[in-house]
Amino acid sequence: MKRKEILRKYEARPDNLLYILHDIQDASPYNYVTEEDMEEIADFLDLPYSKVYGTATFYSMISQKPRGKHVIRLCDSPPCHLMGSESILDLLRDELGIDVGQTTPDMLFTLEITSCLGVCGVAPAMMIDEEVYGNLNPKKLRKIIKDYREGII
Amino acid sequence: MKNLEELRKLREKAQKEIQLRSKDARIKVVVGMGTSGIAAGAREVLKTFINEINQKNLTDVIVTQTGEKGMSSMEPIVEIHEEKKPVIVYGDMNPSKVKKVVEEHIVNGKAVDDYLISMEEK
Amino acid sequence: MAHRMNVLVCSGASCISNNSLKVKEALLAEIERLDLKREIKVIETGCMGPCQLGPVLLVYPDETLYKKVQVADVREIVEQHFLKGRPVERLMYKSPLTDELVHKSRDVDYFKKQYKIVLANCGSIDPESLDEYIAVGGYEALGKALTEMNPDSVLDEIKISGLRGRGGGGFPTHLKWMFTKNEKSKEKYVICNADEGDPGAFMDRSVIEGDPHTLIEGMAIAGYVVGASKGYIYVRAEYPLAIERLEKAIAQAKETGFLGENIFQTDFSFDLEVRVGAGAFVCGEETALIHSIEGKRGTPRPRPPYPSASGVWGKPTVLNNVETYANVRHIILNGGAWMAKIGTETSKGTKVFALSGTIKNTGLAEVPMGTTIRELIYDIGGGAPEGHEIKAVQLGGPSGGCVTPEYFDTPIDYESLTALGAMMGSGGVIAMDETACMVNTAKFFLDFTCFESCGKCVPCRVGLKQMYGILDKITKGEGEEEDIEALETLGKTIKATALCGLGQTAPNPVLSTIKFFRHEYEEHIFEKKCRALVCKDLISYEINKDACKACTLCAQKCPVDAIKGERGVVHEIQQEKCISCGNCYDVCPFGAVMRLSGEN
């Protein structure tokens, strides 16, 4: 099982907790960490389960719910907001048929909002997995989503 | 690294190496590959440069990358470095513009005015 | 004797075919005539590139670029420009993108007022090549500090430079370092805060992505001064490219011996590790950040003890942000006195600002302290896009405040911005024009801080929520007279009682918009009017009967069938059904749908 392999990469130090959570989440086909994951991490690091659970739930990028293959994080920082992120959000909702926090039935996309991606010079922007897209407009957005759907990206 | 002297020797060597003349390259294409650049499409731009240059079999052109210059509104930004010439900076690039730059600037030696944002002396 | 001016005449084939050699002869003759030969040097160069503009002249040190110069123009150029220092505008190159004159070849106006120290290498070297960093003098400051200076003399230079923290508070860097240095402990740490969470700030990302070794070098020097052998760089997970480049750079530095054991064959050993966040704004607060590095929930704790006494793992820790460390190598190489000459009385050196929002040239700008807000947003930022006017800038993100045009001539330093109710913060500058509603903007910032509040202390967890509720009410047209006062009281209380910097500064956007835009709050409350036409509940839509062509497009798009009329019959919106979604306004090809607010 993957989980064991991931844990083996790390020294059993409590400060590795966030790294391990990231890694296990990335390895999950549904982009989340399960209760069993957290239990095993707690054993491995010799921490109470509550500590692991507390850390995992504190950070917005670690999910305890299954998510889509691709996680879309639309930046809703003030600069993006001023440059029209709201209409981009409407379009994303339309295009994907889901609301913020939800996952498409085919488990391809999860739609999330993030506070700031730090690419304010090319606002409005979004991040899909680890790729950032800026200067978004309806045409560009539709093309990106299409490319992901068709597996081009 | 033993001491400053060794570092300075290394520096001299490095300086020579990043100058064009020590390599076979006639032209160096530098693509701004910070996140802003990438978000605005720099990866496509870089890819198109490499494809076009390979297709045209231009062996004396190298393509490299750098970070952000800070002018986000002009991203993707591309610089063309040529020996003894000012650096030509193109802004707001996309694959079709890249094709034109390769054709007109890199092959025929004429900068594409319409995409120019500045020229800089090295 | 050195020449005061160099004139480069392009002599590429294409310019020659356009008579550039004749132009050069004319130049020489004119320079001879005015006896400028010893001052001005004319140089023939190879093709400069923009052949359609030929013949081209490039004049240094002004960096003026002249295009299509003919023999007949030469006299004017020499007399006006070379002799009297007035460049001949009609011959200067115009940027095709902005249609404005380009005064310096180096760039549009964007770089003219900039002074690059921190960003000097960004965009000019390959960030993944250690050789390129060494070629521009990389790691010489570390070598100099380790082999030619001692920790005290390095600390002295930092003190003389006047460097202060670039992450927000502006605490003198040398004091932080000294406190940590003076702690008696075998184990000490150096931490870099690269959890750049402030909306509107992205300079730290750019430095790490564009010049990662500068950060590593600055941290190693800090480690040498305070006596630490280990450092952490805490980067937010939203910056995958920065993390990748940084890890690559650390590996290169270790391989070459700039990190690791006995650096430069001295007793000093230093190692660096990257730690990645996971999406929590509060981790930008130093005690929260330390908790996060330790793998815990990123909640802050009361200070003192400060990290300099008890930081990561309870050990003395020096903690600065990326931009602060990026200044260090320049101070060591050029001396503290060099930096102390730049800037104002209390704020030395430069600051990088991130321009965003409704402004022409978005991006990063590094300017000397003391540059005015106006220079920053107009001379560099280019002002608002055509037809708009900047009515305020938000400085310092969600912890800062807004500043209005009457204060734009304020020179930027830590103290002057705080006096205005804003703050330097990390350097985010968000420009807003008349299309921004200040009440809504304040609500937006508060929505952000409410969400990011860690929930540990009551003022922040409960108080901000209360403020948000009042703002929400006002933007929905349900505001009452006493709301403004309630906001002010709550805001001041939260500022005074919250546990950490997040809560203590979160009310700032509300308080400063009340201070400068009280009339907008009052309009929302008393007239139910949103002048920027942003607050949906305060907007009504009407059809201008004279402009309506009765095409039915709006009626088709109306989700609640509120629009009466058919082809040939002018449309009318039934106000009792309308939900103010704005679809009709967006689709009308004739501009016949009017948005109104506060008119009834």
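Just so you know, these numbers come straight off a predicted model, no measurement behind them.
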Heavy-atom pair of closest approach, residues Ile430(C) and Pro78(A): CD1-CB, 4.0 Å
Enclosure of Glu150(A) CD (heavy-atom neighbours >12, cutoff 6.0 Å): yes
Of all residues at least two apart in sequence or in a different chain, which pass the side-chain hydrogen bond (donor to acceptor under 3.5 Å, both in side chains) check with Lys51(A)? none
For Gly118(A) and Tyr239(C), the nearest pair of non-hydrogen atoms, with its separation, is CA-OH, 3.6 Å
Any idea which heavy atoms bring Gly357(C) and Leu82(A) closest together, and the distance? CA-CD1, 4.2 Å
Strictly below 4.0 Å, N to O, side chains only: are Glu273(C) and Arg13(A) in salt-bridge contact? yes
Calculate, to the nearest 0.5 Å, the distance between atoms OG and CG belonging to Ser87(A) and Asp586(C) respectively. 9.0 Å
Contact winner vs chain A - Ala278(C), Cys454(C), Gly295(C), heavy-atom pairs under 4.5 Å: Ala278(C)
For residues Arg275(C) and Leu18(A), determine if any side-chain heavy atom of one lies less than 4.5 Å from a side-chain heavy atom of the other. no
Ser77(A) side chain to Pro199(C) backbone, donor-acceptor under 3.5 Å: no
Between Val312(C) and chain A, which part of the residue has a heavy atom less than 4.5 Å away: side chain, backbone, both or neither? neither
Check whether any side-chain heavy atom of Tyr232(C) sits under 4.5 Å from a side-chain heavy atom of Asp15(A), and report yes or no. yes
Structural part of Phe281(C) lying under 4.5 Å from a heavy atom of chain A: neither
How would you list, in number order, the residues of residues 98-114 of chain A that have a heavy atom less than 4.5 Å from chain C? Thr114(A)
Give, as side chain, backbone, both or neither, the part of Glu294(C) having an atom under 4.5 angstrom from any heavy atom of chain A. backbone
For chain C, which residues of residues 55-69 of chain A have heavy atoms nearer than 4.5 angstrom: Thr55(A), Thr57(A), Phe58(A), Tyr59(A), Ser60(A), Met61(A), Ile62(A)
Tell me, side chain or backbone of Val429(C) under 4.5 Å from chain A's heavy atoms, or both, or neither? neither
Do any of residues 125-147 of chain A come closer than 4.5 Å to chain C, heavy atom to heavy atom, and if so which ones, in number order? Met127(A), Glu130(A)
Nearest 0.5 angstrom please: Glu196(C) CD to Cys116(A) SG, how far? 8.0 Å
Please walk me through it: do Val276(C) and Tyr19(A) pass side-chain contact (heavy atoms from CB on, under 4.5 Å)? CA-CA 7 Å; Val276(C) 178; Tyr19(A) 263 103; 3.4 Å; yes
side-chain contact (heavy atoms from CB on, under 4.5 Å) between Leu117(A) and Phe202(C), intermediate numbers included: CA-CA 9 Å; Leu117(A) 295 176; Phe202(C) 51 96; over 6 Å; no
Contacting moiety of Thr441(C), where chain A heavy atoms sit under 4.5 Å: neither
Which region of Ser206(C), side chain (C-beta onward) or backbone (N, CA, C, O), has a non-hydrogen atom less than 4.5 Å from a non-hydrogen atom of chain A, or is it both or neither? neither
Looking only at Arg73(A), Met83(A), His22(A), His81(A), most heavy-atom pairs under 4.5 Å shared with chain C are made by His81(A)
Pick whichever of Gln394(C), Glu452(C), Met432(C), Arg236(C) has the most heavy-atom pairs under 4.5 Å with chain A. Arg236(C)
Non-hydrogen atoms of chain A under 4.5 Å away: do they reach the side chain of Asp198(C), the backbone, both or neither? backbone
Chain A contact via Ala237(C) - side chain, backbone, both or neither, heavy atoms under 4.5 Å: both
Taking C-beta and beyond as the side chain, do Phe451(C) and Ser115(A) meet within less than 4.5 Å on heavy atoms? no
